[in-house]
Amino acid sequence: MRIAVWMPERPDAWVEGLQRELPGADIAVWAAGAPPADHAVVWAPPQQFIDEQPTLRGLFNIGAGVDALLQLRVPPTTHIVRLDDAGMSVQMAEYVCHALVRHVRELDVYEADAREGKWSYRKPRLRRDFPVGVMGLGVLGERVAKAVGQFDFPVNGWSRSPRQVGGVQCFSGAKGFDEFLAASRVLVCLLPLTPDTRGVMNRETLLKLNGGAPGGYVINVARGAHLVNEDLLALLEEGPLAGATLDVFETEPLPPDHPFWRHPKITVTPHASARTLREESIVQIAGKIRAVEAGAAFADLPGLVDPQRGY
Ligand code: NDP
Ligand code: OXD
(Lines give C-alpha, C1' and ligand atoms only; values in the text may rest on other atoms or scores of the structure.)
(Ligands and ions follow the chains in the order given, each with its own letter.)
Protein backbone atom coordinates (compact mmCIF):
# COMPACT_ATOMS: atom_id res chain seq x y z
CA MET A 1 0.00 0.00 0.00
CA ARG A 2 1.34 3.41 -1.00
CA ILE A 3 0.46 6.63 0.87
CA ALA A 4 1.31 10.11 -0.42
CA VAL A 5 1.60 13.03 2.01
CA TRP A 6 1.20 16.67 0.98
CA MET A 7 0.99 19.63 3.32
CA PRO A 8 2.69 22.99 3.63
CA GLU A 9 4.21 22.45 7.09
CA ARG A 10 6.29 19.60 8.56
CA PRO A 11 5.29 16.86 6.07
CA ASP A 12 8.25 14.78 7.27
CA ALA A 13 6.82 14.62 10.78
CA TRP A 14 3.55 13.29 9.35
CA VAL A 15 5.37 10.67 7.27
CA GLU A 16 7.30 9.55 10.35
CA GLY A 17 4.17 9.30 12.52
CA LEU A 18 2.12 7.52 9.86
CA GLN A 19 5.00 5.09 9.24
CA ARG A 20 5.05 4.26 12.93
CA GLU A 21 1.31 3.47 12.85
CA LEU A 22 1.38 1.68 9.49
CA PRO A 23 4.81 -0.04 9.38
CA GLY A 24 4.07 -2.11 6.25
CA ALA A 25 3.06 0.87 4.10
CA ASP A 26 5.21 2.76 1.60
CA ILE A 27 4.74 6.37 2.78
CA ALA A 28 6.44 9.43 1.27
CA VAL A 29 6.08 13.17 0.83
CA TRP A 30 4.63 13.67 -2.64
CA ALA A 31 6.74 15.16 -5.43
CA ALA A 32 5.59 15.70 -9.03
CA GLY A 33 6.03 12.52 -11.05
CA ALA A 34 5.94 10.18 -7.99
CA PRO A 35 4.17 6.83 -8.51
CA PRO A 36 0.41 7.02 -7.82
CA ALA A 37 -0.73 6.21 -4.27
CA ASP A 38 -3.66 4.28 -2.78
CA HIS A 39 -4.34 6.87 -0.07
CA ALA A 40 -3.24 10.43 0.56
CA VAL A 41 -2.96 12.56 3.69
CA VAL A 42 -3.20 16.24 2.82
CA TRP A 43 -3.86 19.87 3.60
CA ALA A 44 -4.61 22.16 0.65
CA PRO A 45 -2.84 20.16 -2.08
CA PRO A 46 -2.46 21.56 -5.61
CA GLN A 47 -4.67 20.24 -8.44
CA GLN A 48 -1.60 18.53 -9.95
CA PHE A 49 -1.41 16.32 -6.84
CA ILE A 50 -4.94 14.99 -7.48
CA ASP A 51 -4.43 14.73 -11.24
CA GLU A 52 -1.38 12.50 -10.75
CA GLN A 53 -3.29 10.13 -8.39
CA PRO A 54 -5.89 8.39 -10.59
CA THR A 55 -6.06 5.31 -8.33
CA LEU A 56 -6.45 7.19 -5.04
CA ARG A 57 -9.13 5.56 -2.87
CA GLY A 58 -8.94 7.67 0.26
CA LEU A 59 -8.09 11.37 0.45
CA PHE A 60 -7.63 12.15 4.16
CA ASN A 61 -7.81 15.83 5.10
CA ILE A 62 -5.84 16.88 8.19
CA GLY A 63 -8.48 19.46 9.10
CA ALA A 64 -12.21 19.39 9.79
CA GLY A 65 -13.17 21.81 7.01
CA VAL A 66 -12.99 20.59 3.41
CA ASP A 67 -14.01 23.76 1.58
CA ALA A 68 -10.53 24.17 0.01
CA LEU A 69 -10.34 20.51 -1.00
CA LEU A 70 -13.75 20.64 -2.64
CA GLN A 71 -12.51 23.43 -4.93
CA LEU A 72 -10.35 20.80 -6.65
CA ARG A 73 -11.50 18.33 -9.32
CA VAL A 74 -11.45 15.03 -7.41
CA PRO A 75 -12.45 11.82 -9.25
CA PRO A 76 -15.77 10.34 -8.02
CA THR A 77 -13.95 7.11 -7.11
CA THR A 78 -11.84 8.94 -4.51
CA HIS A 79 -13.43 9.20 -1.05
CA ILE A 80 -12.73 12.37 0.91
CA VAL A 81 -12.48 11.90 4.66
CA ARG A 82 -12.05 14.79 7.10
CA LEU A 83 -10.85 14.82 10.71
CA ASP A 84 -13.58 13.87 13.12
CA ASP A 85 -12.79 15.90 16.25
CA ALA A 86 -9.27 14.50 16.92
CA GLY A 87 -8.88 16.83 19.88
CA MET A 88 -10.38 19.91 18.23
CA SER A 89 -13.80 20.08 19.90
CA VAL A 90 -12.42 20.66 23.40
CA GLN A 91 -10.17 23.45 22.08
CA MET A 92 -13.13 25.02 20.30
CA ALA A 93 -15.24 24.82 23.46
CA GLU A 94 -12.48 26.53 25.47
CA TYR A 95 -12.02 29.26 22.87
CA VAL A 96 -15.71 30.10 22.47
CA CYS A 97 -16.40 30.04 26.23
CA HIS A 98 -13.40 32.31 26.76
CA ALA A 99 -14.54 34.80 24.10
CA LEU A 100 -18.11 34.73 25.43
CA VAL A 101 -17.15 35.21 29.08
CA ARG A 102 -14.59 37.88 28.21
CA HIS A 103 -17.33 39.85 26.46
CA VAL A 104 -20.18 39.32 28.92
CA ARG A 105 -18.04 39.92 32.04
CA GLU A 106 -16.32 42.87 30.29
CA LEU A 107 -12.90 41.43 31.08
CA ASP A 108 -11.45 43.53 28.25
CA VAL A 109 -12.55 46.64 30.15
CA TYR A 110 -11.01 45.33 33.39
CA GLU A 111 -7.76 44.60 31.50
CA ALA A 112 -7.68 48.19 30.22
CA ASP A 113 -8.42 49.50 33.75
CA ALA A 114 -5.68 47.33 35.24
CA ARG A 115 -3.15 48.72 32.76
CA GLU A 116 -3.91 52.16 34.26
CA GLY A 117 -3.87 50.91 37.86
CA LYS A 118 -7.60 51.69 38.11
CA TRP A 119 -9.76 49.79 40.67
CA SER A 120 -13.37 50.10 39.53
CA TYR A 121 -16.36 47.77 39.18
CA ARG A 122 -18.65 47.19 36.23
CA LYS A 123 -22.36 46.67 36.86
CA PRO A 124 -23.07 42.89 36.94
CA ARG A 125 -24.69 41.61 33.73
CA LEU A 126 -27.14 38.72 33.78
CA ARG A 127 -26.42 35.67 31.66
CA ARG A 128 -30.10 35.30 30.84
CA ASP A 129 -29.67 38.57 28.90
CA PHE A 130 -26.96 36.94 26.72
CA PRO A 131 -28.54 33.93 25.01
CA VAL A 132 -25.98 32.24 22.76
CA GLY A 133 -26.81 30.93 19.28
CA VAL A 134 -24.51 28.29 17.81
CA MET A 135 -24.78 27.90 14.04
CA GLY A 136 -23.79 24.32 13.17
CA LEU A 137 -24.49 21.49 15.59
CA GLY A 138 -21.93 19.04 14.25
CA VAL A 139 -18.90 17.59 16.00
CA LEU A 140 -17.62 21.01 17.09
CA GLY A 141 -20.87 22.97 17.40
CA GLU A 142 -22.54 20.43 19.67
CA ARG A 143 -19.58 20.38 22.05
CA VAL A 144 -19.47 24.18 22.11
CA ALA A 145 -23.22 24.46 22.73
CA LYS A 146 -23.02 22.04 25.66
CA ALA A 147 -19.96 23.80 27.13
CA VAL A 148 -21.66 27.20 26.96
CA GLY A 149 -24.71 25.67 28.68
CA GLN A 150 -22.45 24.58 31.56
CA PHE A 151 -22.02 28.27 32.40
CA ASP A 152 -25.82 28.65 32.59
CA PHE A 153 -26.17 30.77 29.45
CA PRO A 154 -29.38 30.05 27.52
CA VAL A 155 -28.26 28.20 24.36
CA ASN A 156 -29.83 27.95 20.91
CA GLY A 157 -28.53 25.79 18.08
CA TRP A 158 -29.16 25.81 14.34
CA SER A 159 -28.47 23.01 11.87
CA ARG A 160 -29.50 21.94 8.39
CA SER A 161 -31.49 18.90 9.53
CA PRO A 162 -33.41 18.74 12.83
CA ARG A 163 -31.21 17.87 15.84
CA GLN A 164 -31.80 17.27 19.52
CA VAL A 165 -29.11 18.34 21.96
CA GLY A 166 -29.77 18.24 25.70
CA GLY A 167 -30.10 21.73 27.19
CA VAL A 168 -30.09 23.40 23.76
CA GLN A 169 -33.12 24.92 22.05
CA CYS A 170 -32.70 23.57 18.53
CA PHE A 171 -33.79 25.16 15.25
CA SER A 172 -33.20 23.90 11.73
CA GLY A 173 -33.27 24.86 8.09
CA ALA A 174 -34.24 28.11 6.42
CA LYS A 175 -37.60 28.01 8.20
CA GLY A 176 -36.07 28.04 11.67
CA PHE A 177 -33.35 30.61 10.96
CA ASP A 178 -35.13 33.88 11.78
CA GLU A 179 -36.52 32.52 15.03
CA PHE A 180 -33.05 31.22 15.95
CA LEU A 181 -31.46 34.62 15.27
CA ALA A 182 -34.12 36.54 17.17
CA ALA A 183 -33.65 34.26 20.20
CA SER A 184 -29.83 34.71 20.20
CA ARG A 185 -27.69 37.66 21.25
CA VAL A 186 -24.22 36.15 20.89
CA LEU A 187 -23.83 34.42 17.53
CA VAL A 188 -21.21 31.66 17.17
CA CYS A 189 -20.44 30.34 13.68
CA LEU A 190 -19.40 26.69 13.41
CA LEU A 191 -20.83 25.93 9.98
CA PRO A 192 -18.90 24.37 7.12
CA LEU A 193 -18.33 26.78 4.23
CA THR A 194 -20.68 25.76 1.41
CA PRO A 195 -22.59 27.70 -1.27
CA ASP A 196 -25.53 27.79 1.19
CA THR A 197 -23.55 29.18 4.13
CA ARG A 198 -21.25 31.68 2.38
CA GLY A 199 -22.07 35.18 3.62
CA VAL A 200 -24.60 33.84 6.15
CA MET A 201 -23.61 36.60 8.60
CA ASN A 202 -24.61 39.77 6.77
CA ARG A 203 -26.45 43.03 7.50
CA GLU A 204 -29.88 41.47 7.17
CA THR A 205 -29.22 38.45 9.39
CA LEU A 206 -27.09 40.29 11.99
CA LEU A 207 -29.83 42.90 12.47
CA LYS A 208 -32.19 40.10 13.52
CA LEU A 209 -30.03 39.13 16.52
CA ASN A 210 -31.37 39.79 20.01
CA GLY A 211 -34.92 40.24 18.74
CA GLY A 212 -33.75 43.23 16.68
CA ALA A 213 -32.46 45.07 19.79
CA PRO A 214 -28.87 46.39 19.91
CA GLY A 215 -26.10 44.46 21.69
CA GLY A 216 -25.46 41.50 19.35
CA TYR A 217 -21.98 39.95 19.43
CA VAL A 218 -20.31 37.73 16.80
CA ILE A 219 -17.84 34.90 17.38
CA ASN A 220 -16.63 33.48 14.05
CA VAL A 221 -14.50 30.34 14.32
CA ALA A 222 -15.54 28.61 11.09
CA ARG A 223 -14.44 30.34 7.88
CA GLY A 224 -13.91 34.01 7.03
CA ALA A 225 -16.28 33.88 4.05
CA HIS A 226 -19.23 33.17 6.35
CA LEU A 227 -19.10 36.84 7.33
CA VAL A 228 -19.63 39.90 5.14
CA ASN A 229 -16.82 42.08 6.52
CA GLU A 230 -18.20 45.44 5.38
CA ASP A 231 -21.57 44.67 7.00
CA LEU A 232 -19.91 43.84 10.31
CA LEU A 233 -17.84 47.04 10.25
CA ALA A 234 -20.88 49.16 9.37
CA LEU A 235 -23.05 47.63 12.11
CA LEU A 236 -20.31 48.16 14.70
CA GLU A 237 -20.06 51.77 13.61
CA GLU A 238 -23.82 52.36 13.48
CA GLY A 239 -24.44 50.74 16.87
CA PRO A 240 -26.55 47.57 16.60
CA LEU A 241 -23.57 45.28 17.20
CA ALA A 242 -21.44 45.44 20.34
CA GLY A 243 -18.37 43.62 19.04
CA ALA A 244 -16.83 40.51 17.53
CA THR A 245 -14.18 37.90 18.17
CA LEU A 246 -12.82 36.64 14.85
CA ASP A 247 -10.46 33.70 14.36
CA VAL A 248 -10.90 33.18 10.61
CA PHE A 249 -10.68 35.51 7.62
CA GLU A 250 -11.28 35.46 3.88
CA THR A 251 -7.59 36.19 3.35
CA GLU A 252 -5.20 34.48 5.76
CA PRO A 253 -2.86 35.70 7.12
CA LEU A 254 -5.03 38.77 7.69
CA PRO A 255 -3.25 41.58 5.78
CA PRO A 256 -1.34 44.02 8.08
CA ASP A 257 -3.46 47.01 7.00
CA HIS A 258 -6.81 45.27 7.50
CA PRO A 259 -9.19 47.37 9.66
CA PHE A 260 -10.04 44.36 11.87
CA TRP A 261 -6.55 44.40 13.45
CA ARG A 262 -6.94 47.73 15.20
CA HIS A 263 -10.72 47.97 15.60
CA PRO A 264 -11.54 48.66 19.28
CA LYS A 265 -14.57 46.34 19.20
CA ILE A 266 -12.92 43.44 17.38
CA THR A 267 -10.63 40.80 18.85
CA VAL A 268 -8.50 38.94 16.28
CA THR A 269 -6.72 35.59 16.63
CA PRO A 270 -4.76 33.90 13.80
CA HIS A 271 -6.93 30.84 12.97
CA ALA A 272 -5.87 29.32 16.27
CA SER A 273 -9.17 28.41 17.95
CA ALA A 274 -8.78 24.66 17.35
CA ARG A 275 -5.41 23.47 16.05
CA THR A 276 -4.84 20.14 14.34
CA LEU A 277 -3.06 17.93 16.89
CA ARG A 278 -0.60 15.90 14.86
CA GLU A 279 -0.29 12.78 16.99
CA GLU A 280 -4.02 12.41 17.64
CA SER A 281 -4.80 13.03 13.96
CA ILE A 282 -2.21 10.51 12.77
CA VAL A 283 -3.70 7.83 15.02
CA GLN A 284 -7.21 8.61 13.72
CA ILE A 285 -6.23 8.63 10.04
CA ALA A 286 -4.06 5.51 10.30
CA GLY A 287 -6.94 3.72 12.06
CA LYS A 288 -9.27 4.60 9.19
CA ILE A 289 -6.75 3.46 6.54
CA ARG A 290 -6.27 0.18 8.43
CA ALA A 291 -10.05 -0.28 8.57
CA VAL A 292 -10.64 0.22 4.84
CA GLU A 293 -7.65 -1.95 3.95
CA ALA A 294 -9.24 -4.67 6.11
CA GLY A 295 -12.47 -4.38 4.11
CA ALA A 296 -14.51 -1.70 5.92
CA ALA A 297 -16.69 0.50 3.71
CA PHE A 298 -15.72 4.18 3.41
CA ALA A 299 -19.40 4.92 4.12
CA ASP A 300 -18.88 3.61 7.65
CA LEU A 301 -15.96 5.95 8.45
CA PRO A 302 -16.75 8.93 10.71
CA GLY A 303 -15.96 12.09 8.78
CA LEU A 304 -16.73 10.80 5.27
CA VAL A 305 -17.49 13.89 3.19
CA ASP A 306 -20.49 14.13 0.88
CA PRO A 307 -19.20 16.31 -2.00
CA GLN A 308 -22.78 17.09 -3.11
CA ARG A 309 -23.66 18.44 0.33
CA GLY A 310 -20.32 20.23 0.58
CA TYR A 311 -19.28 18.90 4.02
P1 NDP B 1 -19.69 19.01 11.00
O2 NDP B 1 -19.80 18.59 9.58
O3 NDP B 1 -19.61 17.96 12.07
O4 NDP B 1 -20.95 19.93 11.39
C5 NDP B 1 -21.48 20.86 10.50
C6 NDP B 1 -22.80 21.40 11.08
O7 NDP B 1 -23.24 22.48 10.27
C8 NDP B 1 -23.93 20.36 11.07
O9 NDP B 1 -24.71 20.48 12.23
C10 NDP B 1 -24.73 20.75 9.84
O11 NDP B 1 -26.10 20.39 9.87
C12 NDP B 1 -24.60 22.25 9.88
N13 NDP B 1 -24.88 22.83 8.56
C14 NDP B 1 -24.27 22.59 7.38
N15 NDP B 1 -24.84 23.30 6.38
C16 NDP B 1 -25.86 24.00 6.96
C17 NDP B 1 -26.83 24.90 6.47
N18 NDP B 1 -26.91 25.23 5.15
N19 NDP B 1 -27.72 25.41 7.34
C20 NDP B 1 -27.69 25.08 8.66
N21 NDP B 1 -26.78 24.21 9.19
C22 NDP B 1 -25.88 23.69 8.35
O23 NDP B 1 -18.45 19.98 11.10
P24 NDP B 1 -17.49 20.30 12.35
O25 NDP B 1 -18.34 20.62 13.52
O26 NDP B 1 -16.47 19.24 12.50
O27 NDP B 1 -16.72 21.60 11.81
C28 NDP B 1 -17.41 22.78 11.46
C29 NDP B 1 -16.50 23.76 10.76
O30 NDP B 1 -15.60 24.36 11.69
C31 NDP B 1 -15.56 23.18 9.70
O32 NDP B 1 -16.23 22.98 8.47
C33 NDP B 1 -14.46 24.22 9.60
O34 NDP B 1 -14.76 25.16 8.60
C35 NDP B 1 -14.50 24.90 10.96
N36 NDP B 1 -13.25 24.67 11.72
C37 NDP B 1 -12.50 25.74 12.12
C38 NDP B 1 -11.36 25.55 12.85
C39 NDP B 1 -10.55 26.71 13.33
O40 NDP B 1 -9.46 26.53 13.84
N41 NDP B 1 -11.04 27.92 13.25
C42 NDP B 1 -10.89 24.22 13.22
C43 NDP B 1 -11.75 23.17 12.79
C44 NDP B 1 -12.89 23.40 12.05
P45 NDP B 1 -26.58 18.85 9.96
O46 NDP B 1 -26.33 18.49 11.41
O47 NDP B 1 -28.00 18.89 9.62
O48 NDP B 1 -25.71 18.09 9.00
C1 OXD C 1 -9.94 22.92 10.06
C2 OXD C 1 -9.24 24.13 10.39
O3 OXD C 1 -10.81 22.94 9.20
O4 OXD C 1 -8.14 24.08 10.94
O5 OXD C 1 -9.63 21.89 10.68
O6 OXD C 1 -9.77 25.22 10.14
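Whatever order the structure lists ligands and atoms in, that order sets their numbers, starting from 1. It should be emphasised that the depicted structure is a prediction, and the values quoted were computed from it without experimental measurement. All values below were derived from every heavy atom in this structure, side-chain atoms included, with hydrogens, water molecules and symmetry-related copies excluded.
In the vicinity of Ser159, heavy-atom distances shorter than 4.0 Å reach the ligand 1 atoms 9 (O), 11 (O), 20 (C), 21 (N), 46 (O). Which parts of ligand 1 touch Leu190 is read off a 4.0 Å heavy-atom cut-off, strictly below it: atoms 28 (C), 30 (O). In the vicinity of Met88, heavy-atom distances shorter than 4.0 Å reach the ligand 1 atoms 42 (C), 43 (C). Proximity to Gly63 (heavy-atom distance under 4.0 Å) selects the following atoms of ligand 2: 1 (C), 5 (O). Remark: ligand 1 atoms within the under-4.0 Å shell around heavy atoms of Met92 are 37 (C), 38 (C), 39 (C), 41 (N), 42 (C). Distances below 4.0 Å separate heavy atoms of Ser273 from the following atoms of ligand 1: 39 (C), 40 (O), 41 (N). Residue Gly65 approaches ligand 2 through these ligand atoms, each under 4.0 Å from one of its heavy atoms: 1 (C), 3 (O), 5 (O). Using a 4.0 Å cut-off to heavy atoms of Arg223, the atoms of ligand 2 that qualify are 1 (C), 2 (C), 3 (O), 6 (O). Taking a cut-off of under 4.0 Å to the non-hydrogen atoms of His271, the atoms of ligand 1 that pass are 39 (C), 40 (O), 41 (N).
In this comparison of Val200, Val165, Leu191, Asp67, the heavy atom closest to atom 22 (C) of ligand 1 sits on Leu191. Among Pro192, Gly136, Gly224, the residue whose heavy atom lies nearest to atom 5 (C) of ligand 1 is Pro192.
Of all the heavy atoms of Val66, none lies under 4.0 Å from any atom of ligand 1, so neither backbone nor side chain is involved. Of the heavy atoms in Met135, none comes closer than 4.0 Å to ligand 1.
For Gly63, the heavy-atom gap to ligand 1 stays at 4.0 angstrom or more. Residue contacts with ligand 1: Leu137 is included, with a non-hydrogen atom under 4.0 Å away. Taking a 4.0 Å cut-off on heavy atoms, Arg275 fails to register as neighbouring ligand 1. Heavy atoms of Met88 approach ligand 2 to within less than 4.0 angstrom.
At under 3.5 Å, a nitrogen or oxygen of Arg160, whether backbone or side chain, sits near a nitrogen or oxygen of ligand 1. For a threshold of 3.5 Å applied to N or O pairs, the pair formed by Trp158 and ligand 1 contains no separation below that value. On a distance-only criterion, Arg82 and ligand 1 share at least one N/O pair closer than 3.5 Å. At under 3.5 Å, not a single nitrogen or oxygen of Ala64, backbone or side chain, sits near a nitrogen or oxygen of ligand 1. When only interatomic distances are considered, the shortest N/O to N/O separation between Val248 and ligand 1 does not fall below 3.5 Å. Taking any N or O of Thr194, backbone or side chain, none lies under 3.5 Å from an N or O belonging to ligand 1. For ligand 1, the polar-atom distance check finds no N/O of Asp196 at less than 3.5 Å from any of the ligand's N/O atoms. The N/O atoms of Val139, backbone and side chain alike, include one that comes under 3.5 Å of an N/O atom in ligand 1. Residue contacts with ligand 1: Leu140 is placed with a nitrogen or oxygen under 3.5 Å of a nitrogen or oxygen of the ligand (distance criterion only).
For atom 4 (O) of ligand 1, the nearest protein heavy atom (residue, atom name, distance) is Gly138 CA, 3.1 Å. In this structure, the protein non-hydrogen atom closest to atom 42 (C) of ligand 1 is Ala274 O, 3.5 Å. Protein heavy atom nearest atom 47 (O) of ligand 1, with residue, atom name and distance: Ser161 OG, 2.5 Å. For atom 46 (O) of ligand 1, the nearest non-hydrogen atom of the protein is Arg163 NE, 2.7 Å. The protein heavy-atom contact nearest to atom 31 (C) of ligand 1 is Gly65 CA, 3.9 Å. The nearest heavy-atom contact from the protein to atom 6 (O) of ligand 2 is His271 NE2, 2.6 Å. Ranking protein heavy atoms by distance to atom 1 (C) of ligand 2, first place goes to Ala64 N, 3.3 Å. At the shortest separation from atom 37 (C) of ligand 1 among protein heavy atoms lies Val221 O, 3.1 Å. For atom 10 (C) of ligand 1, the nearest non-hydrogen atom of the protein is Tyr311 OH, 3.5 Å.
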Before giving the answer on side chain to side chain donor-acceptor pair (under 3.5 Å), spell out for His103 and Thr245 the whole-Å C-alpha distance, their side-chain angles and the decisive distance to 0.1 Å. CA-CA 9 Å; His103 170 59; Thr245 293; over 6 Å; no
Please assess Glu293 against Arg57 for the test salt bridge (charged side-chain N to carboxylate O under 4.0 Å, His left out), listing each intermediate value before the final yes or no. CA-CA 10 Å; Glu293 288 298 312; Arg57 296 173 58 222; 3.0 Å; yes
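Phe49 has its ring centre less than 6.0 Å from the ring centre of Trp30.
A salt bridge links Arg290 to Glu21: one of the charged nitrogens lies within less than 4.0 Å of a carboxylate oxygen. Looking at Asp38 and Arg2, no side-chain N of the basic residue comes within less than 4.0 Å of a carboxylate O on the acidic one, giving no salt bridge. The existence of a salt bridge linking Asp129 and Arg185 is excluded, since no basic side-chain nitrogen approaches an acidic carboxylate oxygen closer than 4.0 Å. Classification of Glu16 and Arg20 as a salt-bridged pair fails, no side-chain N sitting under 4.0 Å from a carboxylate O. We find that Arg203 and Glu230 are not joined by a salt bridge, their nearest charged nitrogen and carboxylate oxygen being 4.0 Å or further apart.
In this structure, Glu204 CD and Lys208 NZ are separated by 4.5 Å, a value rounded to the nearest 0.5 Å.
At most 12 non-hydrogen atoms from other residues, nucleotides or ligands lie less than 6.0 angstrom from CD of Gln150. More than 12 heavy atoms of other residues, nucleotides or ligands shown are found within 6.0 angstrom of CD on Glu238.
Residues near Tyr311 contribute nothing to a hydrophobic cluster around it, because no ILVMFWY side-chain heavy atom sits closer than 4.5 Å to its side chain.
Looking at heavy atoms from C-beta onward, Val74 lies in side-chain contact with Ile80 at the 4.5 angstrom threshold. Contact of the Leu246 side chain with the Thr267 side chain is not registered, since no non-hydrogen atoms from C-beta on lie closer than 4.5 Å. No side-chain heavy atom of Asn220 sits under 4.5 Å from any side-chain heavy atom of Leu187. The shortest distance between side-chain heavy atoms of Asp67 and Pro192 does not fall below 4.5 Å. Contact check for Pro36 versus Leu56: no side-chain heavy atoms found under the 4.5 Å cut-off.
Gln19 places a side-chain N or O within donor-acceptor distance of the main-chain N or O of Ala25, the cut-off being under 3.5 Å.
Test Leu69, Leu301, Val139 against Arg82 for side chain to side chain contact (heavy atoms under 4.5 Å, CB included) and you get one pass: Val139.
Legend: residues meeting salt bridge (charged side-chain N to carboxylate O under 4.0 Å, His left out) with Arg198, ordered by chain and number and at least two apart, are absent.
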